[in-house]
Amino acid sequence: MGEKTVPILPCRTLQPVVDFYTALGFEVTYQQKSPNPYAVVMRGDIELQFFGMKHHDPHGAYSTCYVRTDDVDALYRAFRAGLGAAYGRVPTRGLPRIGPLKDMAYGVRQFLMSDPGGNCVRVGQALHTAVRDTAEEAARPKGTFERALHHASLLADSKEDPQGAAKVIDRVLGLTDERPTPPQLVRLLVLRADVAARLGDEVSAASARVGATGVRLTAEERVSLRDDLRRLDELSAG
């Protein structure tokens, strides 16, 4: 059987979207300006198609698709490198942007990116069985801080509600009768720095970065927090 599904996504104007995907290493295999603006881009077996819509609002877009890969880390590195070269920096807020790479509670390792048309492309890889079992167990977070982190991550990434995520984190870090473990504290502070940066709140972002950097971790904890610490380095570098 040779069936294949190809998403067709909207945008206000084609060229910024085409330029974005070209920076990611996609090839433009078809493009027309009239009578209906339309473009097709491909990178390996990934094919995306776009149509122009004059009154489309990129900041209010809900369009999305999922790309499955066997090597999400390699794609993430390649996409970040391409965006950095094309834009002079890796865009992590506004449009376009690329989010952090992380292991999700539902058994995949993924990152999200949004193109100039506001289309959210999720790129992910299924975790190995042992890791997936651990992740699925984490999908039922236990304890105050794990639940808060789970909820805040969903708000920040899937719901694109950084303000809501900030409120959840601030509330749980303000508790006086419970304290997070060092790894929990790092993850909460890194996410707090991330959402503060998206909100343009540099004071809170800097405070969270300093707090996360100052947490003492064992070598084993640093390995388990590799994605969070890498994100902390990215945020600190601006």
Side-chain angles (χ1 to χ4, degrees), residues 20-21 23-25 67 69 71-105 108-116 118 120-125 127 135 148-150 152-166 168-170 173 180 182-238:
F20 174 80
Y21 287 96
L24 297 178
V67 174
T69 177
D71 195 344
V72 70
D73 287 77
L75 271 185
Y76 187 66
R77 290 192 298 269
F79 285 0
R80 284 181 56 86
L83 291 176
Y87 292 91
R89 62 179 181 83
V90 178
T92 58
R93 68 181 84 169
L95 293 176
R97 66 177 178 270
I98 185 168
L101 176 64
K102 59 177 68 175
D103 294 340
M104 306 304 294
V108 299
R109 181 167 173 77
Q110 72 172 23
F111 65 93
L112 279 61
M113 61 183 185
S114 294
D115 65 27
C120 177
V121 180
R122 300 166 182 258
V123 184
Q125 175 182 5
L127 295 170
L149 184 62
H150 179 70
S153 295
L154 289 176
L155 287 171
D157 297 326
S158 296
K159 302 292 186 181
E160 295 187 7
D161 181 8
Q163 190 169 28
V168 170
I169 297 170
D170 289 344
L173 290 181
Q184 288 172 337
L185 181 57
V186 168
R187 294 172 68 197
L188 286 164
L189 288 172
V190 170
L191 183 55
R192 184 64 178 90
D194 191 340
V195 297
R198 298 186 209 180
L199 292 167
D201 181 0
E202 182 52 36
V203 172
S204 295
S207 176
R209 292 196 304 268
V210 170
T213 302
V215 178
R216 289 189 174 185
L217 298 169
T218 66
E220 184 177 355
E221 288 170 340
R222 296 188 71 85
V223 170
S224 69
L225 293 170
R226 67 190 187 284
D227 292 333
D228 301 274
L229 295 176
R230 177 171 56 193
R231 182 60 179 152
L232 178 60
D233 288 340
E234 294 169 357
L235 292 166
S236 298

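Positions are given from 1, in the same order as the sequence printed here.
Looking at every heavy atom in both residues, Leu232 comes nearest to Ala212 through CD2-CB, 4.0 Å. Residues Asp103 and Arg109 come closest through the heavy atom pair OD1-NH1, 2.9 Å. Looking at every heavy atom in both residues, Tyr87 comes nearest to Pro96 through OH-CG, 3.7 Å. Here the shortest heavy-atom pairing between Ser224 and Glu221 reads OG-O, 2.8 Å. Listed here is the closest heavy atom pair of Gly124 and Gln110: CA-CB, 3.7 Å. Closest approach of Ala152 to Ala165, counting heavy atoms only: O-CB, 3.4 Å.
A search for salt bridge (Lys or Arg N to Asp or Glu O under 4.0 Å) contacts involving Arg230 returns Asp227, not counting sequence neighbours. Remark: Tyr21 pairs with Phe26, Phe50 by the ring-ring contact (aromatic ring centres under 6.0 Å, His included) rule, at least two apart or across chains.
Remark: side-chain polar atoms of Ser204 are not paired, donor with acceptor, to backbone N or O of Asp201 under 3.5 angstrom. A donor-acceptor pair under 3.5 Å is formed between the side chain of Gln125 and the backbone N or O of Val72.
One finds the OH atom of Tyr76 at 14.0 Å from the CG atom of Asp71 (value rounded to the nearest 0.5 Å). Distance check, rounded to the nearest 0.5 Å: CZ of Arg192 to OG of Ser207 gives 8.5 Å. To the nearest 0.5 angstrom, Leu229 atom CG is 6.5 Å from Leu217 atom CG. Atom-to-atom distance recorded for Leu155:CG and Ile169:CD1 is 9.0 Å, nearest 0.5 angstrom. Rounding to the nearest 0.5 Å gives a distance of 5.0 Å between CG of Leu83 and CG of Leu24. Separating the CG atom in Asp157 from the CG atom in Leu112 is a distance of 6.5 Å, to the nearest 0.5 Å.
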Steps toward side-chain contact (heavy atoms from CB on, under 4.5 Å) verdict (Ser153, Leu191): CA-CA 8 Å; Ser153 295; Leu191 183 55; 3.6 Å; yes
Stepwise salt bridge (Lys or Arg N to Asp or Glu O under 4.0 Å) check, Arg80 with Glu234: CA-CA 11 Å; Arg80 284 181 56 86; Glu234 294 169 357; 3.4 Å; yes
Thr218 and Arg222: CA distance, side-chain angles, deciding distance, side-chain contact (heavy atoms from CB on, under 4.5 Å) verdict: CA-CA 6 Å; Thr218 66; Arg222 296 188 71 85; over 6 Å; no
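You'll find the side chain of Asp161 reaches within 4.5 Å of the side chain of Gln163, heavy atoms only. Contact check for Arg216 versus Pro182: no side-chain heavy atoms found under the 4.5 Å cut-off. Side-chain atoms of Met113 and Phe79, non-hydrogen and from C-beta on, do get closer than 4.5 Å to each other. Counting heavy atoms from C-beta outward, Asp170 and Val168 have side chains that stay 4.5 Å or more apart. Taking the side chain as every heavy atom from C-beta outward, Arg93 and Val195 never approach each other to under 4.5 Å. Counting heavy atoms from C-beta outward, Leu95 and Pro116 have side chains that stay 4.5 Å or more apart. Leu225 is listed as a side-chain neighbour of Arg187, based on a closest heavy-atom distance under 4.5 Å. At least one side-chain heavy atom of Leu173 sits less than 4.5 Å from a side-chain heavy atom of Leu189.
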